[in-house]
Amino acid sequence: MSGLAIVAVSAAGVAALAWLVVSFSEPGGRRMVAEWIGTWALYVALLAFFLNLARSAWLQDRIVPLVAFGFLAAVFAAGTVLSSYRLVQVIRGRGATGVSSATN
């Protein structure tokens, strides 16, 4: 199993665990942190998945899949950066109010 596959599977597991925590907890600060952890983990899983596909396309000299998977990897890289920023804000206590959260 490659390093990217391990990252993708681990991040998907964290996202699933965070989803369960969010599903069974009441609204509040801890739930919001769990929401953003799950959001961040989902972006990381998708980024690793598409990076792995882009890497495979690169190794096989296939241009169209490389461009498509590279574009999707860039989109999810941006999402990872933004969700990382929001996660740090929520952990510091400067996050969104109860009206706006990662799952709304």
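Computation of the quantities below employed the complete heavy-atom set of this structure, encompassing side-chain atoms and omitting hydrogens, waters and symmetry-equivalent molecules.
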Which donor-acceptor pairs under 3.5 Å do the side chains of residues 63-80 make with protein atoms, sequence neighbours left out?
{"from": "T80", "atom 1": "OG1", "to": "F76", "atom 2": "O", "distance (Å)": "2.7"}

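Hydrophobic cluster membership is shared by Y43 and L46, with clusters built from Ile, Leu, Val, Met, Phe, Trp and Tyr side chains linked at under 4.5 angstrom. Cluster annotation: L42 and L87 are assigned to distinct hydrophobic clusters (Ile/Leu/Val/Met/Phe/Trp/Tyr, side-chain heavy-atom contacts under 4.5 Å, transitive).
Taking the side chain to side chain donor-acceptor pair (under 3.5 Å) definition, one finds that S56 meets it with nothing, sequence neighbours left out. Looking at residues two or more places apart in sequence or on another chain, you find no ring-ring contact (aromatic ring centres under 6.0 Å, His included) involving F49. Listed by chain and number, the residues in a side-chain contact (heavy atoms from CB on, under 4.5 Å) with I6 are M1, S10 (sequence neighbours excluded).
Here V21 sits alone; no ILVMFWY side chain lies under 4.5 Å from its own, so it joins no hydrophobic cluster.
Closest of all the heavy-atom pairs between A41 and A15 is CB-N, 3.7 Å. Of all heavy-atom pairs spanning A8 and A45, the tightest one is O-CB, 3.7 Å.
For the side chain to side chain contact (heavy atoms under 4.5 Å, CB included) with W36, the lone residue among I91, V90, V22, V88 that qualifies is V90. A side chain to side chain contact (heavy atoms under 4.5 Å, CB included) with L4 is found for one member of L51, L53, L47 and no other, namely L51.
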Given side chain to side chain donor-acceptor pair (under 3.5 Å), test Q89 with R86 step by step and report yes or no.
CA-CA 5 Å; Q89 278 190 326; R86 294 293 298 172; 2.9 Å; yes
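The side-chain hydrogen bond (donor to acceptor under 3.5 Å, both in side chains) pairs that include a residue from residues 12-26 number zero, where partners must be two or more places apart or lie in different chains.
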